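Presented below is the structure to which this report refers.
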Amino acid sequence: MNLFADLLAGTPGRAAASAAPKAQSATTSAGPRIQKGRRGVEIKSAREIEVMRKASRIVATVLREIMEMAAPGLSTADLDRHAEERIRAMGATPSFKGYHGFPASICSSINNQVVHGIPSAKQVIKAGDLVKIDTGAYFEGYHGDSCVSICVGECSEDATRLSRVAQESLMQGLSKIKAGNTLLDIAGAVQDHVEAHGYSVVEDYTGHGVGRNLHEEPSVFNFRTDDLPNLKLRAGMTLAVEPILNAGSKECRTLRDRWTVVTVDGALSAQWEHTIVVTSDGCEILTDRDF
């Protein structure tokens, strides 16, 4: 069951859900906004982009800290607690917590878990785990959104390689972003890099527009398709680009908790994500952790 297919552009027979929790049950002045109905693709002003830089810097800071602290013996609940405390300490609200009832500030997905893993004190990280941490921050009315894959301790060559190729595929996609190019330019670059290394692109979940709402149009797909709108990129678009790679089949299923998505064949999965703004000659990575 796909909980989110009605929230982003799509066509019958194909889900166009993003790889992060989707909509809060009610909009409040204190928390993140929800996109109700279709607003179309929004072009952000210079002021809006500046606020998104700040929201995205908060996300990048938290993820950088989690990458440094993730270690065997810590639970995913420990990482979630740190993320929420730090997001709030920097004056923002966790984008994910409460979204459609999601109970945490991060998604923590380990090994064959693809997306939407729920942090738990019972889920203790082990050496060799491939841990995906996805989080967002809502600051002064705008969101930042990003995901990293962390190889904890001495990981297998398979896990390390998968994570590396996933990160490379993200950067290949970003290299095609500039005003005048299209979403298919991004998708083709991602898919070619992934398949050249023998992996599969998850098609059930895509990237998305991001801004006043955590999930806006368009759907930023990572595979060639005629089923989703192939929009021309314009300066001022803000997008969350997030390829998800499986070591085996692209097929996924959702567990009984209605959130955690896993690979059907038990193979490893990796994901990297950045929030970016399209410019006339490229893109600016708003969630860049190198600062």
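Basis for what follows: all heavy atoms, side chains included, without hydrogens, waters or symmetry-related copies. This chain uses plain numbering: 1 for the first residue, then up along the sequence. Owing to the predicted nature of the structure, the values given are computational and were not obtained by experimental measurement.
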Could you go through the side-chain contact (heavy atoms from CB on, under 4.5 Å) check for Val51 and Glu48 one step at a time? CA-CA 5 Å; Val51 177; Glu48 290 175 307; 5.8 Å; no
Taking Asn181 for the side chain and Lys178 for the main chain, is one N or O donor matched with an acceptor at less than 3.5 Å? no
Can you check salt bridge (charged side-chain N to carboxylate O under 4.0 Å, His left out) on Asp265 and Lys250, steps first, answer last? CA-CA 9 Å; Asp265 56 9; Lys250 68 183 179 182; over 6 Å; no
Would you call Asp185 and Lys232 a salt bridge, using N to O less than 4.0 angstrom? no
Modelled atom types, side-chain donor and acceptor of Thr76 and Gln123, under 3.5 Å: yes
Is the centre of the His116 ring less than 6.0 Å from the centre of the Phe102 ring? no
With Ser269, the side-chain contact (heavy atoms from CB on, under 4.5 Å) member among Val114, Val262, Leu130: Val114
Hey, is the main chain of Asp145 close enough, under 3.5 Å, to the side chain of Thr275 for a donor-acceptor pair? yes
Yes or no on side-chain contact (heavy atoms from CB on, under 4.5 Å) for Val115 and Cys107, after CA distance, side-chain angles and deciding distance? CA-CA 7 Å; Val115 290; Cys107 294; over 6 Å; no
Note: Cys155 and Thr160 closest approach over all heavy atoms is CB-OG1, 3.8 Å
Sub-4.5 Å side-chain heavy-atom contact between Ile133 and Ser108: yes
Parallel, tilted or perpendicular: rings of His143 and Tyr138 (30°, 60°): tilted
So, Glu216 and His208: side-chain donor and acceptor under 3.5 Å apart, yes or no? no
His82 versus Leu79: any side-chain heavy-atom pair under 4.5 Å? no
Arg88 with Glu84: basic N within carboxylate O range, under 4.0 Å: yes
Between Tyr142 and Arg53, does any side-chain donor sit less than 3.5 Å from a side-chain acceptor? no
Any luck finding a side-chain donor-acceptor pair between Thr182 and Asn230 under 3.5 Å? yes
Side-chain touch Glu273/Asp134, heavy atoms, less than 4.5 angstrom: yes
Check: Asp227 and Phe221 side chains under 4.5 Å, non-hydrogen atoms: no
Taking a hydrophobic cluster as the set of Ile, Leu, Val, Met, Phe, Trp and Tyr residues connected by side-chain heavy atoms closer than 4.5 Å, whether directly or through intermediates, do Met69 and Ile110 fall within one such cluster? yes
Can you give me the closest heavy-atom contact between Leu162 and Tyr199, atom names plus distance? N-OH, 3.6 Å
Using side-chain heavy atoms (C-beta onward) and a distance below 4.5 Å, is Leu239 in contact with Val210? no
Quick one: do Thr93 and Phe139 satisfy side-chain contact (heavy atoms from CB on, under 4.5 Å)? Show the steps, please. CA-CA 7 Å; Thr93 302; Phe139 179 76; over 6 Å; no
So, does Lys132 use its side chain to make a donor-acceptor pair with the main chain of Asn111 at under 3.5 Å? yes
Go through the side-chain N and O atoms of Thr206 and Ser219 and say whether any donor and acceptor fall under 3.5 Å apart. yes
What I'd like to find out is whether the side chain of Met52 reaches to under 4.5 Å of the side chain of Thr238, using heavy atoms alone. yes
Polar side-chain atom of Asn213 near backbone of His215 as donor-acceptor pair, under 3.5 Å: no
Residues Asn246, Leu268; criterion side-chain contact (heavy atoms from CB on, under 4.5 Å); working and verdict: CA-CA 6 Å; Asn246 289 350; Leu268 291 172; over 6 Å; no
Got a donor-acceptor contact below 3.5 angstrom from the Ser109 side chain to the Gly117 backbone? yes
Are His274 and Arg289 close enough that some pair of their side-chain heavy atoms sits under 4.5 Å apart? yes
Judged by modelled atom types alone, do Lys97 and Ser105 share a side-chain donor-acceptor pair under 3.5 Å? no
Do Ile43 and Arg234 come within less than 4.5 Å of each other through their side chains, counting heavy atoms only? yes
